[in-house]
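Labels below follow one simple rule: chain letters A, B, ... track the order of the sequence lines, proteins then strands, and each chain is numbered from 1.
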Number of protein chains: 2
Amino acid sequence: MTITQLQYVLAVAEHKNFTLAAEKCFVTQPTLSMQIQKIEEELNILIFDRSKKPIQLTDIGQKIVSQAKNIVNEADRIKDIVEQQKGFIGGEFRLGIIPTIMPTLLPMFLNNFIKKYPKVKLLIEELNTEEIILKLKNGHLDAAIAATPLEDEKIKEIVLYFEPFVAYIPEHHASFQKEEIEVADLNLNEILLLQDGHCFRDGILNLCKSVSDVDQNNFQIQSGSFETLIKLADEGLGTTLLPYLHTLDLKESDKLKLRNFKEPKPAREVSLIYPKSELKMQIIDALRSTIAGVVKGAIVFQNVQIISPLQKKAQ
Amino acid sequence: MTITQLQYVLAVAEHKNFTLAAEKCFVTQPTLSMQIQKIEEELNILIFDRSKKPIQLTDIGQKIVSQAKNIVNEADRIKDIVEQQKGFIGGEFRLGIIPTIMPTLLPMFLNNFIKKYPKVKLLIEELNTEEIILKLKNGHLDAAIAATPLEDEKIKEIVLYFEPFVAYIPEHHASFQKEEIEVADLNLNEILLLQDGHCFRDGILNLCKSVSDVDQNNFQIQSGSFETLIKLADEGLGTTLLPYLHTLDLKESDKLKLRNFKEPKPAREVSLIYPKSELKMQIIDALRSTIAGVVKGAIVFQNVQIISPLQKKAQ
DNA sequence: TCATGTTGATAGTAATTTGTGATGCAAAAA
DNA sequence: TTTTTGCATCACAAATTACTATCAACATGA
């Protein structure tokens, strides 16, 4: 049994297709077929049920694949250990970022990071929380930045900062006169939210539910970007909530419509998250310290009330 | 990098000698040398410092060896998973037992076990607790039976039974008249103990220390077997303590000299212990259930006071 | 129904890797 | 100094892995 064979098994298990799996492994299909057969023969069991289309894992195949993931992960970490020892920080690193964090946080640290660690090739992807969790688990991402806590057994979190929400109230709205507003002033029916799947939206839904349990079957507009929401709010269609960092980029005229919450401010916890396997920890730590450096001073908030992305709205 | 190469690295790390390691791996020395060189070249580091005699691990070599152990263990477990799935319980199994448990417990379950699991080849070794812990960790034992708790991070314990201690009081001794005795009646200075290294002895030392803190620099006889202790006690040299199962084999005349402790009886906890790696769990579980079967009825004690083998006497 | 495409298995061969015995060489031991 | 010990190196053999070409099974759809 070789590590290569296990990698082939994992590739087939993932793609449910020998030909495609072979491509991903940079070998021809017969090579991969033979090696799979060889390990099946050595263990004297069938890992894949080739009679089904697409190909299925057998019961024992499931267990073997899960164990093979362990082994391959642990094996990968050897190179990691060596690089860490050499003090080398480099190589490809795939980072996922949720859409509501990407445009504000990325410009703050990217320049610093690539200057400080020129040998790291960062591959950044905008993904929603569910996609991120999936890709962290199957190894297609090395780490990600998302709202936490996730309370996922297989994922570790390092909190980067707390980002409060700020209300955007159009001029003709009742609450516009208030200097500061309270969570109780919010009404889910008039808040414009991002489209489903964005965890930020889930967070806001929780916020409102905790105050007034309104019925869910109301008229709602769902948009993909905050700019749309701001324009809709200006058109008199309601209010919206913006994460603090987003408010910094607004026009002066729009900033007048922002209202801070009274303390404890509702806020989201933003963390660097990565799989428990802890591969490429040097780069993860480099990211953490770089972001911590730029964030320090930019967003320091205490006495905030964390809105968890966890509890999804009732379906 | 292959699993075989890692096994070669582990063999050299263990034996500090290429030639010997090669033998243990059933290959010639050049083969092993070349494979070690290949992995060192691939990782572009030196794992071994060949200038020292005997061969030493480099700093990074240490880390690589520890990670290699993980990988090889996880790899071994694949075969384990397959066998478990097939319901096959067999193969070699190396079991360590401490000397004070071996002669009483082994005859109770060995026959049952080999009848029930004829395909398991049990290799049983009598070892003291320290040796057992060492060999469990380096993989030379699959499991062991010893007094617990050990509180060792890398070792798991399944309690098999609690075995009380019984005092052996010669006729002319003051306490001989009592029907039952108490821990307070014990005096370390007159108790005959097993030679150092036997955890049973450590247990008794703790027992006495907890009652009367006598000075350690007293006349003491240390023997390797309970029979010697009994004879010495009969010669008027003191008293001794015996684990319950040992007392069952005494002559009737000697049984008259036994005195039970009042409850809670001082007792030792006897457990099946094995490394966290959890290899060969089917066999470990087969052992557990077999021993549980014979022990049930033979030794059922409650309200006992466990004497831990952990705290060693002050040096 | 019959071409057609997809997908995995097989065969034969080439390339690579792993292993062997013989030998070299340096350092420690006698 | 001589001998022994212990790892490295070399040339070659065996085994393994990979490739190209081809086949067989099955599904698709005109």
Side-chain angles (χ1 to χ4, degrees), chain A residues 1-58 60-62 64-65 68 71-72 75-76 78-79, chain B residues 1-58 60-62 64-65 68 71-72 75-76 78-79:
Chain A
M1 192 180 70
T2 68
I3 293 172
T4 310
Q5 286 172 346
L6 296 177
Q7 284 168 330
Y8 293 169
V9 169
L10 290 185
V12 175
E14 182 177 353
H15 298 105
K16 313 279 183 214
N17 176 317
F18 278 61
T19 315
L20 184 55
E23 266 177 46
K24 298 282 176 181
C25 294
F26 305 106
V27 292
T28 57
Q29 169 265 315
T31 300
L32 185 132
S33 278
M34 299 267 284
Q35 289 308 313
I36 300 267
Q37 282 174 39
K38 246 187 75 180
I39 192 174
E40 284 182 327
E41 190 182 344
E42 181 182 339
L43 299 176
N44 204 27
I45 43 109
L46 280 180
I47 297 173
F48 298 102
D49 180 352
R50 295 151 170 86
S51 71
K52 299 224 176 85
K53 297 229 164 178
I55 265 183
Q56 288 286 303
L57 281 166
T58 59
I60 183 142
Q62 296 265 6
I64 287 177
V65 163
I71 298 172
V72 172
D76 282 347
I78 282 222
K79 283 166 196 166
Chain B
M1 192 179 73
T2 68
I3 294 171
T4 310
Q5 285 172 347
L6 295 177
Q7 284 168 329
Y8 293 169
V9 168
L10 291 185
V12 175
E14 182 176 354
H15 299 104
K16 314 280 183 213
N17 177 316
F18 277 60
T19 315
L20 184 55
E23 266 178 47
K24 298 282 176 181
C25 294
F26 305 104
V27 292
T28 56
Q29 170 263 317
T31 300
L32 185 134
S33 278
M34 304 238 316
Q35 290 306 316
I36 298 267
Q37 283 173 39
K38 248 186 73 182
I39 191 173
E40 285 182 326
E41 191 182 345
E42 182 183 340
L43 300 176
N44 204 27
I45 44 108
L46 281 180
I47 297 173
F48 298 103
D49 179 352
R50 294 150 169 87
S51 71
K52 300 226 175 82
K53 298 235 166 176
I55 266 184
Q56 286 287 303
L57 282 165
T58 59
I60 183 141
Q62 297 265 5
I64 287 177
V65 164
I71 298 172
V72 171
D76 282 347
I78 282 224
K79 283 165 197 164

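No option in A/Q5, A/Q7, A/E40 other than A/Q5 meets the side-chain hydrogen bond (donor to acceptor under 3.5 Å, both in side chains) test with A/Q35.
OP1 or OP2 of D/dG6 has not a single side-chain nitrogen or oxygen of B/R50 nearer than 4.0 Å. Here A/T28 does not reach the OP1 or OP2 of D/dA18: none of its side-chain N or O atoms lies under 4.0 Å away. For D/dC7, one of the phosphate oxygens OP1 or OP2 lies less than 4.0 angstrom from a side-chain nitrogen or oxygen of B/N17. Remark: A/S33 is in phosphate contact with C/dA9, judged by side-chain N or O atoms under 4.0 Å from OP1 or OP2. Checking the phosphate oxygens (OP1, OP2) of D/dG6, no side-chain nitrogen or oxygen of B/T19 falls inside 4.0 Å. Dashed line: the shortest gap from a side-chain N or O of B/Y8 to OP1 or OP2 of D/dC7 is not under 4.0 Å.
The distance from atom CD of A/E41 to atom C1' of C/dT10 is 14 Å, rounded to the nearest whole Å. Rounded to whole Å, atom C1' of C/dT17 lies 16 Å from atom CD1 of B/I3. Atom pair A/F26:CZ and C/dT16:C1' shows a separation of 20 Å (rounding to whole Å applied). Distance B/I36 CD1 to D/dG6 C1': 14 Å, rounded to the nearest Å. Atom CD of A/Q29 and atom P of D/dA21 are 14 Å apart (whole Å). Computed from coordinates, the B/L46 CG to D/dC7 C1' distance equals 14 Å when rounded to whole Å. Nucleotide D/dT16 holds its C1' atom 13 Å from the CD atom of A/E42, rounded to whole Å. The CG atom of B/L32 sits 10 Å away from the P atom of C/dT20 (whole-angstrom rounding).
Note that CZ of A/F48 is 10.5 Å distant from CG of A/L46, once rounded to the nearest 0.5 Å.
Within 4.0 Å (heavy atoms only), A/Q37 reaches sugar-phosphate atoms of the nucleic acid but no base atom. Counting any heavy atom pair closer than 4.0 Å across all strands shown, B/S51 reaches no nucleic acid atom. Using a 4.0 Å heavy-atom distance criterion, A/F48 is classed as making no nucleic acid contact.
A side-chain donor from one of B/S33 and B/Q29 sits under 3.5 Å from a side-chain acceptor of the other.
With D/dG6, C/dA9, D/dA18 as the choices, the nucleotide that has an atom nearest any side-chain atom of A/F18 turns out to be C/dA9. Of the candidates D/dA18, C/dG21, C/dG19, the closest approach to any side-chain atom of A/T4 belongs to D/dA18.
Residues A/M34 and A/P30 both approach DNA chain D. Their nearest nucleotides, taken by heavy-atom distance, put A/M34 toward the 5′ side.
Side-chain contact between B/I78 and A/L43 is present, with at least one heavy-atom pair separated by less than 4.5 Å. Proximity of B/L10 to B/V65: side-chain heavy atoms (C-beta onward) are separated by under 4.5 Å at one or more points.
Among all heavy-atom pairs drawn from A/L6 and A/A68, the shortest one is CD2-CB, 3.9 Å.
Checked by distance alone, A/Q35 brings no side-chain donor or acceptor within 3.5 Å of a matching partner on the base of D/dA18.
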